[in-house]
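Step one of this worksheet: look at the structure below.
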Amino acid sequence: MSSPEARFVAREKLLTCVHCGLCLAACPTYVELGMEADSPRGRIHLIRALEEGQLVPTPEVIRHLDLCLGCRACETACPSGVEYGALIEAARPYVERFRPAPARWGRRALAAVLTTPALRRAAFAPLRLVGGARWVRRLARRLGSPWLAYVAALQGAARAPGLPGVLEPEGRPRGTAVLLTGCVAETAFGRTNVATARLLQRAGVRVVVPRGQGCCGAVAIHLGAAERARTLARSLASVLGASEADWVVSNAAGCGALLREYGSLLPGDPAAAAVGARARDALALLAEVGLPPPSR
Ligand code: SF4
Ligand code: SF4
């Protein structure tokens, strides 16, 4: 099936893939499903066929792209330096308009709920009441339900202790990091943010936690809502980019990956370029500055 050329992705980025397949073993969806179309190489092939108008986004094609976790393990495995993340993130908004209307509106509503603090907290409140409970974990296993498994993985209803605006470094100062607390991460995994900040502090990093940060846009872009993602990114960049920090740190892989691409997501926005240039994954930064000794 073919359609006119689509022009939604930079063609030169598609052409860097030489189809060697060295990324396949690193891809969790390929390892699990064993289908070429669920591998990085297969998805690049699909995206190229869409871009060149040789294929239209049928539900089957969209499903193979949807199943990509966006983990980017394929990028580190690829010897040709294929920017897979940029390809899949260009493809998601393109295929969005070909979904049936109920699915499209459902995904838009989900993006709006997850990226709006009051709606997100209201949505997570009942789930957090049972989050982390052993009986939910057992039930999820018995029923084989991935949705219950997500609920079981949530941190319980007890509120994480609040983070101060600044955590002064312990020991020899290594630099200043501004911490992205995130949207879903802040609501569902607040204690992970606290642990990240404390660990960085103990490693000698001064940690700044600006108030009113909001979502980085990753959730929206993964749901194909590119315009909403840009609006959120612009707002966050104006908060984080204003700081004089050496690093902008995230402990969520999807958020960190998008922060690094803020410059290309918002061309001509100096605050976004500043965030992109200083973005670091929390674990990568800890590896760089050195882990503190374990506490007794
Ligand atoms: S993405 Fe990289 S590793 Fe994978 S097939 Fe293409 S060139 Fe090879
Ligand atoms: S981002 Fe992850 S799931 Fe998606 S193709 Fe690459 S390795 Fe596979």
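Hydrogens, waters and symmetry mates play no part in the numbers below; they use all other heavy atoms, side chains included. Along the sequence shown, the residues carry numbers beginning at 1. Atoms within a ligand are numbered from 1 in the order they appear, just like the ligands themselves. The structure displayed is predicted, hence computed values, not measured ones.
In R134, the CZ atom is not crowded: 12 or fewer heavy atoms of neighbouring residues, nucleotides or ligands sit closer than 6.0 Å. Counted within 6.0 Å of CZ on F8, heavy atoms from surrounding residues, nucleotides or ligands total more than 12; the atom is thus considered enclosed.
Near R43, meaning under 4.0 Å from one of its heavy atoms, ligand 2 places the atoms 4 (Fe), 5 (S), 8 (Fe). Per-residue contacts place Y84 under 4.0 angstrom from the following atoms of ligand 2 (heavy atoms of the residue considered): 1 (S), 4 (Fe), 5 (S), 6 (Fe). For ligand 2, the atoms lying closer than 4.0 Å to a non-hydrogen atom of R72 are 1 (S), 2 (Fe). Ligand-side atoms of ligand 2 in range of G70: 1 (S), 4 (Fe), range being under 4.0 angstrom from any heavy atom. Within the listing of ligand 2, atoms 3 (S), 5 (S), 7 (S), 8 (Fe) sit less than 4.0 angstrom from a heavy atom of C27.
Using a 4.0 Å cut-off between heavy atoms, I44 contacts ligand 1 through its side chain alone, with no backbone atom that close.
The cationic group of R138 does not satisfy the cation-pi geometry with W135, failing either the under 6.0 Å distance to the six-membered ring centre or the 45° limit from the ring axis.
Under a 4.0 Å N-O distance rule, the pair E96/R228 does not qualify as a salt bridge. At a threshold of 4.0 Å, the pair D269-R230 does not count as salt-bridged, since none of the basic side-chain nitrogens sits closer than that to a carboxylate oxygen.
Looking at atom 6 (Fe) of ligand 2, its nearest protein heavy atom turns out to be C74 SG, 2.3 Å. Residue, atom and distance of the protein heavy atom nearest to atom 2 (Fe) of ligand 2 are C71 SG, 2.3 Å. Of all protein heavy atoms, the one closest to atom 3 (S) of ligand 2 is L69 N, 3.4 Å.
Between T192 and T196, the shortest heavy-atom contact is O-OG1, 2.7 Å. What you find for G217 and L258 is that their closest heavy atoms are C-CD2, 3.5 Å. Contact record, L24 with R41: CD2-NH2, 3.6 Å, taken as the closest heavy-atom pair.
Looking at residues two or more places apart in sequence or on another chain, you find a salt bridge (charged side-chain N to carboxylate O under 4.0 Å, His left out) between R280 and E288.
In this structure, H19 and H45 have perpendicular ring planes: the angle between them is above 60°, well past the 30° mark.
Side chains of L87 and V82 form a contact here, defined as non-hydrogen atoms less than 4.5 Å apart.
Atom 8 (Fe) of ligand 1 has C20 SG as protein N, O or S atoms under 2.8 Å away.
Distances from atom 4 (Fe) of ligand 2 to the heavy atoms of C68, P28, A25, A26 put C68 nearest.
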